[in-house]
Protein chains: 2
Amino acid sequence: MHGSQDAAADRRSPLALKLAAFVRLKAEELAQLERLQRRCRRFDAGAELLHETEVGAKAFILEEGWAVSYKSLADGGRQVVDFQIPGDFLGLRSLLLRMSDHSVAAVTEIVACEIDAAELQNALATAPRLGMALLWAVSRDEAMVVEHLVGIGRRAPLARAAHFFVELHQRLQLAQLATATSYACPLNQYLLADALGLTAIHLNRTLRRLRERGLMTLKAGTVTIHDVAGLTALAEFESGYLDQAPPSV
Amino acid sequence: MHGSQDAAADRRSPLALKLAAFVRLKAEELAQLERLQRRCRRFDAGAELLHETEVGAKAFILEEGWAVSYKSLADGGRQVVDFQIPGDFLGLRSLLLRMSDHSVAAVTEIVACEIDAAELQNALATAPRLGMALLWAVSRDEAMVVEHLVGIGRRAPLARAAHFFVELHQRLQLAQLATATSYACPLNQYLLADALGLTAIHLNRTLRRLRERGLMTLKAGTVTIHDVAGLTALAEFESGYLDQAPPSV
DNA sequence: CGGCACGTTGAGTGGAATCAAGAAGTGTGG
DNA sequence: CCACACTTCTTGATTCCACTCAACGTGCCG
């Protein structure tokens with residue numbers, strides 16, 4: 001019995017692990033959650049899962065790999081809204097708003113489980129605490145977007161980049177995908193530039209400055225932080241919005 | 001009977017009117033919603049309802065007047081995340097995340113109803129469709145923040161300002177607080193500048209350019225749009241994310 | 001070997017921030 | 001009624017940073 005419980009815990013999805021930071025889910029609720037993650041599919045790197053202005057779009061739960069959500073402009077410009085790592089939702093808003101307001105693409109090869117509005121509504125009606133958990137996850141995502149907005153609107157490029165890499169580091173550590181000083185980061189400089197509201201050229205120079213100051217290095221898809229305290233200080237990073245604490249519900 | 005129904009409809013809160021765009025709420029659900037809006041208070045212009053890093057903060061539903069949510073930086077900078085008008089939530093995220101990630105202040109004198117986490121959880125458990133409606137409202141708010149992010153990250157100041165005023169126009173029209181070409185706008189140029197990621201000086205010049213192009217004028221707290229089509233075109237405004245359609249649930 | 005994606009560097013320009021100051025409107029008290 | 005303070009708005013001059021354009025390096029893969 002104890003052995004089988006351990007086995008079940010091992011099989012827990014990244015999403016369940018993430019939600020565990022907010023609400024201590026009961027077995028029944030966990031089962032509901034896993035039931036949402038049956039229809040898993042694999043997507044190639046670069047594949048577009050969702051396109052802005054699409055109506056009646058699906059949403060996904062990301063199990064493996066990295067994804068990116070972004071909006072495109074008429075002049076060819078692109079703004080990356082956020083990157084998603086295992087345990088994150090992809091395109092959840094397009095289930096509720098009738099038209100997808102953004103695009104989602106796979107950065108690396110990914111595995112993601114499709115969910116539709118009916119399933120979601122059903123799960124919420126059956127397990128109301130799951131609804132709270134979902135509201136929490138959405139709120140946390142929004143808090144990250146808000147922090148991103150502050151960075152682009154009011155932080156200088158160097159601090160902005162620092163903040164971005166520190167946030168990513170924290171998120172990956174929570175998902176057990178980073179060590180204390182480094183993590184794999186499959187984002188190229190075009191993606192990073194579109195996330196940080198800079199040109200790729202200027203981002204490159206910004207990265208160089210971070211390197212020259214002995215704070216961090218991005219090389220061959222790996223971020224190495226040489227001075228965690230220094231980088232965090234430069235970023236004025238306040239981790240409160242990530243809400244990483246023991247469950248409160 | 002018919003008369004009393006009309007009277008009830010007249011008393012409907014701005015929030016109920018807004019949610020009606022998404023879900024056709026039943027009488028029982030409407031009653032739950034109104035029950036959330038009992039503890040109403042008045043706040044002076046400039047009063048701070050919520051401060052960032054505050055723990056266990058309350059949330060509010062705005063009934064009358066304008067509010068602003070923002071984050072402050074160490075260097076004295078401030079980024080306005082969004083402005084709220086009647087029917088909008090204030091600080092809803094601080095109910096779910098354990099620490100408020102942003103501040104909220106009254107722009108004009110306002111009336112707002114306090115809600116706490118227990119009430120919310122209770123209402124959600126009793127009326128699950130209200131949970132969907134809430135998720136919709138939060139998603140719509142997030143979509144607005146995302147659009148804001150795109151504006152600051154990738155739009156030129158002129159288009160950014162145009163987009164801002166068009167979005168506000170649409171929101172106010174939905175709340176029946178605007179005519180086809182004008183609306184009252186109690187935001188001064190410091191607030192606007194902090195919202196648009198510009199200095200007040202540069203915002204002033206941007207407003208002048210909008211005026212000189214015959215697109216719109218902001219004077220004495222009133223926005224007058226001289227050329228709706230032109231302003232919308234300059235802004236590359238796509239209204240999809242506001243999700244203003246007949247109810248789907 | 002050539003083609004392509006990605007990264008790096010240099011030189012020049014334009015536009016937003018900064019610094020400085022004044023005008024216009026609003027409220028208060030003598 | 002006017003003097004005064006205060007907020008908000010407006011304009012000019014200057015500086016600096018991020019964008020643009022252009023080019024080259026580097027590694028990978030067919």
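Proteins get letters first, then strands, A, B, ... in listed order; numbering begins at 1 in each.
- Here the two rings, on A:Phe43 and A:Phe60, have centers that are under 6.0 Å apart.
- The nearest whole Å value for the distance from the NZ atom in B:Lys219 to the C1' atom in D:dT10 is 11 Å.
- For B:Gln189 and D:dT10, the shortest distance from a side-chain N or O to OP1 or OP2 is below 4.0 Å.
- Under 4.0 Å is where a charged nitrogen must lie from a carboxylate oxygen, and between B:Asp116 and B:Lys58 no such pair does.
- A salt bridge is absent between B:Arg93 and B:Glu142; no separation between the charged side-chain nitrogens and carboxylate oxygens falls under 4.0 Å.
- Side chain to side chain, A:Ser72 and A:Glu52 meet the donor-acceptor criterion of an N or O pair below 3.5 Å.
- DNA chain D lies under 4.0 Å from at least one heavy atom of each of the following residues of residues 191-209 of chain B: B:Ile201, B:Asn204, B:Arg205, B:Arg208.
- Of the two residues contacting DNA chain C, namely A:Arg154 and A:Leu218, the nearest-nucleotide position lying further toward the 5' end is that of A:Leu218.
- Residues A:Thr217 and A:His226 have side chains that bring a donor and an acceptor to within less than 3.5 angstrom of each other.
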So which protein N/O to nucleotides 25-30 of chain D N/O distances come out below 3.5 Å?
none

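- In this model, no donor atom of one side chain and acceptor atom of the other lie less than 3.5 Å apart for A:Glu54 and A:Ser94.
- Proximity of the aromatic rings of A:Tyr183 and A:His169 is defined here by a centroid distance below 6.0 angstrom, and this criterion is met.
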Distance-only criterion, 3.5 Å: show the donor-acceptor pairs between side-chain atoms of residues 231-241 of chain B and protein atoms not counting sequence neighbours.
unit_1, atom_1, unit_2, atom_2, d
B:Thr232, OG1, B:Val228, O, 2.7
B:Glu236, OE1, A:Ala74, N, 3.4
B:Tyr241, OH, B:Glu167, OE1, 2.5

